[in-house]
Amino acid sequence: MTTKAREAPRRSDATKAAILEAARERFAADGYERATIRAIARDANIDPSMVMRYYGNKEGLFAAASVIDLRVPELGALPGKHIGAVLVAHFLDRWEQDDVLTALLRVGVTNDAGAERMRAVFAEQLGPIAAGVCPVPAEAPRRAALVASQILGMALARYVLRVAPAVSMPRDEVIAWLAPTVQRYLTADQP
C-alpha cells in the first residue's frame, strides 16, 4: 500500500460525514420525531440502507449526530466572583452559534433519547466544572444540575419557545440577571 493511499480518506468516512451533516441539519430543522431516515439519506445523496448500515437506526444516528462539545472555558485562572458571568456569556455564545445544540434541546423536551443525550452532555461537561469550583466537591452533581436548570431554561425561553421578553432582552442584561444565580449555585455555601 502506498503512502498516498493511506492518506486518502476512505469513501466510508466521506459517506458517514455526509450522513451526519445531513442528520444534524434535518434534526435541527424538523426535530427528532419528524426527521426521517429517508429524508436524511436524500439530503446526503445516498441510499437509506447506508444510514442503517452505519448507524443502525434513527436513535443511533441521532446519538452520533448529537455529539456536542460545550467547549466550557477553563475557570481555574478566573477570580471566583466572575465564574457565573463567564459561564452565562459562554452559553449564550454557544446557543447563538450552534443549531445542533438548539436542535438537541428541542428533541430533549419531546423524546427520551434526546433527553438522555442532553443530560449526558451537561453531566459530563458541566459536572467537572462544578466539582472544580464548588466548596464541597461532593455537592458538584447537584450544583451542576442547578446551573443547567438556569442555562437550559433561558435557552428554551430565548431560542426554542422564543418568549418575547427573553428574545428581546439584550445579551448584557441576560448575563446580569443570570450570572449571580449561576455564581451562587456554584460557589455559595449550601443553604
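Side chains included, hydrogens not; waters and symmetry mates left out as well; all remaining heavy atoms used. Heads up: numbering here begins at 1 and tracks the sequence.
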Note, [X] side chain near [Y] side chain (heavy atom, < 4.5 Å):
X: M118; Y: L105; value: yes
X: R184; Y: L146; value: no
X: L152; Y: W95; value: yes
X: I37; Y: Y55; value: no
X: R142; Y: Q190; value: yes
X: L87; Y: L186; value: yes
X: F91; Y: L70; value: yes

task: Evaluate the ring planes of Y32 and F62, with Trp represented by its six-membered ring, and classify them as parallel (under 30°), tilted (30 to 60°) or perpendicular (over 60°).
output: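 Answer is perpendicular, since the angle exceeds 60°.
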Rounded to the nearest 0.5 Å, what separates atom [atom1] in [X] from atom [atom2] in [Y]?
X: M154; Y: L178; atom1: CE; atom2: CG; answer: 4.5 Å
X: R26; Y: L61; atom1: CZ; atom2: CG; answer: 12.0 Å
X: C134; Y: I83; atom1: SG; atom2: CD1; answer: 10.0 Å
X: L92; Y: Q97; atom1: CG; atom2: CD; answer: 10.5 Å
X: K16; Y: Y54; atom1: NZ; atom2: OH; answer: 6.5 Å
X: E25; Y: E21; atom1: CD; atom2: CD; answer: 5.0 Å

Has the side chain of [X] got a donor or acceptor atom that lies under 3.5 Å from a matching backbone atom of [Y]?
X: R143; Y: Y185; result: yes
X: H90; Y: A85; result: no
X: R24; Y: A65; result: yes
X: Q125; Y: I68; result: yes

In terms of hydrophobic clustering (I, L, V, M, F, W, Y; side-chain heavy atoms under 4.5 Å; direct or indirect links), are [X] and [Y] co-clustered?
X: L20; Y: V67; result: no
X: L161; Y: Y159; result: yes
X: V182; Y: V136; result: no
X: V167; Y: V109; result: no
X: M169; Y: V163; result: yes

field: I40/T36 under side-chain contact (heavy atoms from CB on, under 4.5 Å): CA gap, chis, key distance, verdict
entry: CA-CA 6 Å; I40 292 165; T36 66; over 6 Å; no
So, for [X] and [Y], which heavy atoms are closest and what is the spacing to 0.1 Å?
X: V174; Y: R158; result: CG2-NH1, 3.1 Å
X: V133; Y: T187; result: O-CG2, 4.1 Å
X: E33; Y: N111; result: OE2-ND2, 3.2 Å
X: K58; Y: A35; result: NZ-O, 2.7 Å
X: M50; Y: I46; result: CB-CD1, 3.7 Å
X: P135; Y: A188; result: CG-O, 3.8 Å

message: Which residues pass the side chain to side chain contact (heavy atoms under 4.5 Å, CB included) test with R106, not counting sequence neighbours?
response: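 Result, side chain to side chain contact (heavy atoms under 4.5 Å, CB included) vs R106: T102, V160.
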query: Is it true that atom CZ of R162 has more than 12 heavy atoms of other residues, nucleotides or ligands lying nearer than 6.0 Å?
result: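 Count not over threshold, so no.
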task: Mark yes when over 12 heavy atoms from residues, nucleotides or ligands other than D112 sit less than 6.0 Å from its CG; otherwise mark no.
output: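 It does not: D112 CG has 12 such atoms or fewer within range.
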task: Inspect the contact between D93 and R171 and indicate whether a charged nitrogen and a carboxylate oxygen are less than 4.0 angstrom apart.
output: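 Answer for the salt bridge query: yes.
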- request: For the pair R119 and E116, find out whether any cationic side-chain nitrogen is under 4.0 Å from an anionic carboxylate oxygen.
  value: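 Yes.
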